[in-house]
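Right, one structure below, let's go through it.
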Amino acid sequence: MARILITSALPYINGIKHLGNLVGSQLPADLYARYMRVRGHEVMFICATDEHGTPAEIAAAKAGQPVAEYCAEMYGVQAELARGFGLSFDHFGRSSSARNHALTQHFAKRLGEAGLIEQVSEKQVYSHTDGRFLPDRYIEGTCPNCGYERARGDQCENCTMQLTPLELIEPRSTISGATDLEVRETHHLHLRQSKLRDTLDQWIDSQRGWPVLTTSIAKKWLHDGDGLQDRGITRDLDWGVRVQFDGAPWGGMEGKVFYVWFDAPIEYIAATAEWADAHSKDEAAWRRWWRTDEGAEDVRYVQFMGKDNVPFHTLSFPATLIGSGEPWKMVDYIKSFNYLNYDGGQFSTSLGRGVFMDQALEILPGDYWRWWLLSHAPENSDAEFTWENFQASVNKDLADVLGNLVSRVTKFCRSKFGEAVPEGGATGPREAQLVENITRRLRAYETHMEAMEVRKSATELRALWVLGNEYLQEAAPWSSFKTDPEQAAAQIRLALNLIRFYAVISQPFIPAASARIMADLGCDDWSWPEDVAAALALLPAGHGFTVPEVLFAKISDDQRLDWESRFAGSR
RNA sequence: GGGCCUGUAGCUCAAUUGGUUAGAGCAGAGCGCUCAUAACGCUUUGGUUGGGGGUUCGAGUCCCUCCGGGCCUACCA
């Protein structure tokens, strides 16, 4: 039994996430967590909301709420949606927690003492109307190069020219449109990660088998131009972790908070501490996952994230951990994903284009989405959601191949033998062949799941379901029942066990459907089928069951067309 | 501009890292079955692997070039 620490990139607090966000981190992380648990490993699966930063403050202002209140409310919404999708976090924390405040300050202090933080004087744009400093991208104006009127303060989207807000002609705030902007001198702390460049470089070189996407992004940042640059880790905001605190090895940081990207990854650790608090456990309970000197040396730590998160997880966060000089557990494997597009374009929050988590659950149960998203996960390149493809996959894979199999077996049994596993008869060569075929595919499925090959796992799982239909067709118990009812009984006994077997192995993908099958079969033995023959004889003759309701309803053409137009966006 | 990823059947994807005749699912065609959610099974039609050139006994895979799609480029998170 191994100990596996799994973290999913933290969803940002300022609204409901779309399906692309879900499939890029939380969902595959959940798949892996569920699989590892059912294989008997000790799993700690952590996620949290990422609550600090300018966008949160602005979203709260828009909602007319104090930011703390807004975040608390949105946290509730996101936690509820996570439940709807069956995300099995051991803890879903908040980066605004007291635990994270304390840990973030702890790391900053250690880094400061190690000489890895320096104070830098910078010029920042302040908006009187908005009453805040504005990040570059919140400033808009006319591009000095091409004359484009909506160039952002960091780059002109029209001519790709790199800009600073000071270069814009007629700059204005994108929040309020205010033009009473002023350049102010302000002091910030920078993390001197350039000093750790070689260390980070060697650390990444020492990792084996990481996705190309992960290492290539990290290498780019390490070696491009002048190499790894230092980063500002503080901001002039109200909402966040205070930079000035007891024991802080620097002064003059009153009124400032840490940059959200500094405290967000630390929340992985803090959320584990929150988990311990929530379960009335002691400090050692969470530290054994994170401190290699306190029990974490045998932990395998896997992170899941979209490609946009890679630099922070391969460089900044490791720099924080290494720079602390303390034995914190470093990540062992980073599984990164490309983007999911929506019907020929990108998901767009502002245009209301695409399907968002709340809308998805209003339409269909979580399992439908889980299956499609995971079986089409953007592992090698960007993937695309289309309603036609979604409809085809759900109807064919879930309703026909799996759902109908459950239905035909249980209903046949009910009509010929009653609602209990029939007795009598014996299995023969055909059943032995089935066991052999299933075993071979099951081992392939296990290999892909271990390797986090999400799509390949889904393909293999579906192929396992198909074996059930093939067997039934060949055995044809509806025929054998007429000539040799005992043989039909043995065949159906096996088929009922096959359904239970499918519920167990499919659980990481479609947990709710699996749970319903198991409940209707009156079985709660979820143990993994190491021995397929034994697993297919688990439900004994005489064991009662009830015929399940339709497991997966088909998506009609009318529904598809309706949803297609509903989610096309406002334009 | 620079870097990285990507282009394989009508659609969505594979191809043991250079090795026989490029494979699956869906869609299409034909046959079978009648237990089942008009479901299932079997058979089958689809490919000059984006174009061109090169290396090699051998290229979807490596190199060059052109074309298309995408991402990143450090203050959005």
Side-chain angles (χ1 to χ4, degrees), chain A residues 9-14 21 50 52-56 58 122 124-125 133-139 152-155 160-162 164-165 174 188 193 211-213 215-217 219-221 223-225 228-232 235 259-261 264 306-312 315-316 338-339 341 346 372 375-376 378-384 386 388-389 391-393 395-416 455-456 458-459 462-463 466 468-479 481 488 491-492 495 547 549-554:
Chain A
L10 309 186
Y12 197 67
I13 195 71
N14 71 339
N21 299 130
D50 179 12
H52 297 139
T54 310
I58 290 169
E122 300 180 344
Q124 297 252 292
V125 174
F133 282 92
L134 297 176
D136 291 356
R137 296 197 187 199
Y138 284 91
I139 300 162
R152 292 187 312 192
D154 55 337
Q155 184 177 35
T160 74
M161 174 104 172
Q162 306 275 328
T164 70
T174 60
H188 281 297
Q193 49 186 14
V212 180
L213 188 63
T215 48
S216 65
I217 292 173
K219 285 291 182 179
K220 173 77 189 321
W221 282 50
H223 299 297
D224 193 43
L228 188 61
Q229 302 296 297
D230 294 342
R231 277 189 83 95
R235 291 291 183 275
Y259 177 41
V260 58
W261 261 116
K307 56 185 167 187
D308 50 338
N309 275 323
V310 169
F312 304 98
L315 304 169
S316 312
N338 287 284
Y339 291 146
N341 290 317
Q346 296 190 338
W372 189 88
S375 62
H376 295 80
E379 288 177 296
N380 297 321
S381 61
D382 291 354
E384 176 161 318
T386 65
E388 206 174 343
N389 190 305
Q391 179 192 29
S393 288
N395 288 358
K396 201 67 199 174
D397 301 345
L398 296 181
D400 294 345
V401 176
L402 178 62
N404 182 56
L405 176 69
V406 171
S407 185
R408 65 195 294 208
V409 168
T410 51
K411 285 185 178 171
F412 180 81
C413 183
R414 179 173 63 183
S415 75
K416 305 299 187 207
R455 279 178 185 239
K456 287 180 181 174
T459 301
R462 186 191 192 280
V466 167
N469 283 310
E470 285 176 3
Y471 168 75
L472 220 57
Q473 183 66 31
E474 274 184 46
W478 48 89
S479 294
F481 182 75
Q491 290 165 340
I492 284 299
V547 173
E549 293 298 308
V550 168
L551 263 191
F552 296 101
K554 290 204 188 192

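Below, read A as the first sequence line, B as the second, and so on, with proteins coming before strands; counting in each chain starts at 1. All values below come from the heavy atoms of this structure, side chains included, with hydrogens, waters and symmetry mates left out.
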Atom-to-atom span, [atom1] of [X] to [atom2] of [N] - whole angstrom:
X	N	atom1	atom2	value
A/N469	B/C33	CG	P	18 Å
A/Y339	B/C5	OH	C1'	13 Å
A/R462	B/A24	CZ	C1'	10 Å
A/R408	B/U34	CZ	P	12 Å
A/W372	B/C13	CH2	C1'	12 Å
A/N338	B/U12	CG	P	16 Å
A/F312	B/A74	CZ	C1'	7 Å
A/E474	B/C42	CD	C1'	10 Å

Syn or anti for B/G46, given that syn means the glycosidic angle lies within 90° of 0?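 It is syn.
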Syn or anti: how is B/U17 classified when any glycosidic angle within 90° of 0 counts as syn?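 That one's syn.
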Could you tell me whether the side chains of A/N389 and A/W372 share a donor-acceptor contact shorter than 3.5 Å?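 Yes, side-chain donor-acceptor contact under 3.5 Å.
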Say whether A/K554 and A/N395, considering side chains only, have a donor N or O and an acceptor N or O under 3.5 Å apart.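 Per modelled atom types, A/K554 and A/N395 side chains form no pair under 3.5 Å.
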Only counting residues at least two apart or in another chain, list the ones meeting salt bridge (charged side-chain N to carboxylate O under 4.0 Å, His left out) with A/K219.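 Residues passing salt bridge (charged side-chain N to carboxylate O under 4.0 Å, His left out) with A/K219: A/D201, A/D205.
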Rounded distance in Å between the [atom1] positions of [N] and [M]:
N	M	atom1	result
B/C13	B/G7	P	10 Å
B/U16	B/U12	C1'	22 Å
B/C26	B/C40	P	8 Å
B/G30	B/G23	C1'	22 Å
B/A24	B/G70	P	32 Å
B/G18	B/G54	C1'	16 Å
B/A15	B/A9	P	15 Å
B/U17	B/G46	C1'	28 Å

Nearest-0.5 Å distance that lies between atom CD in A/E379 and atom NZ in A/K456: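 Those atoms lie 8.5 Å apart.
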For [X], report the nucleic acid contact type (base, sugar-phosphate, nothing); a contact means any heavy atom under 4.0 Å.
X	result
A/L405	nothing
A/V466	sugar-phosphate
A/V550	base
A/F552	base
A/K416	nothing
A/P55	sugar-phosphate
A/Q229	base

Side chain of [X] (C-beta onward), nearest among [options]:
X	options	value
A/R231	B/U37, B/A74, B/C33	B/A74
A/W261	B/A77, B/C40, B/U12	B/A77
A/L551	B/C13, B/U37, B/C71	B/U37
A/K220	B/A74, B/C72, B/G25	B/C72
A/S479	B/U34, B/C72, B/A39	B/U34
A/D50	B/A77, B/C13, B/C35	B/A77
A/K411	B/A77, B/C40, B/U37	B/U37
A/S216	B/G41, B/C4, B/A39	B/C4
A/K554	B/A77, B/G41, B/U37	B/U37
A/W221	B/C71, B/C72, B/A77	B/C72

Shortest non-hydrogen contact from A/A56 toward A/I13: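 Taking A/A56 first and A/I13 second, the nearest heavy atoms are CB-CG2, 3.7 Å.
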For atom CD of A/E388, decide whether the heavy atoms of other residues, nucleotides or ligands shown that lie under 6.0 angstrom number more than 12.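 No, because the 6.0 Å sphere around CD of A/E388 holds 12 heavy atoms or fewer from other groups.
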Can A/W478 be classed as stacking with the base of B/C35, given a centroid separation cut-off of 5.5 Å and a plane angle cut-off of 30°?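 Yes, A/W478 stacks on the base of B/C35.
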So, under a plain 3.5 Å distance rule, would you say the side chain of [X] forms a donor-acceptor pair with the base of [N]?
X	N	answer
A/Q124	B/C75	yes
A/E122	B/C75	yes
A/N404	B/A39	no

[N] - base-pair partner by Watson-Crick or wobble geometry, distances under 3.5 Å:
N	result
B/A14	none
B/A36	none
B/C57	B/G19
B/A77	none
B/C31	B/G41

Does any non-hydrogen side-chain atom of A/L472 lie less than 4.5 Å from one of A/R408?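 Yes; the side chains approach each other to less than 4.5 Å.
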Evaluate the side-chain proximity of A/Y339 to A/N21: yes if any heavy-atom separation is below 4.5 Å, no if none is.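 SC-SC contact between A/N21 and A/Y339 ruled out.
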Start at the 5' end of RNA chain B and walk down; is the nucleotide closest to A/A383 or to A/L398 reached first?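 Of the two residues, A/A383 wins.
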Residue mapping more 5' on RNA chain B - nearest nucleotide basis, A/K456 or A/E470: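 Nearest nucleotide further toward 5': that of A/K456.
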Report yes if a side-chain nitrogen or oxygen of [X] is closer than 4.0 Å to either non-bridging phosphate oxygen (OP1 or OP2) of [N]; otherwise report no.
X	N	answer
A/R414	B/C35	no
A/Y471	B/G41	no
A/K396	B/C40	yes

So A/F481 and A/F412, would you call those rings parallel, tilted or perpendicular, with 30° and 60° as cut-offs?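 Perpendicular.
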Could you check whether any side-chain N or O of A/Y259 sits under 3.5 Å from a backbone N or O of A/R231, counting only pairs where one atom can act as donor and the other as acceptor?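 No; judged by distance alone, with no hydrogens or angles, the pair does not exist.
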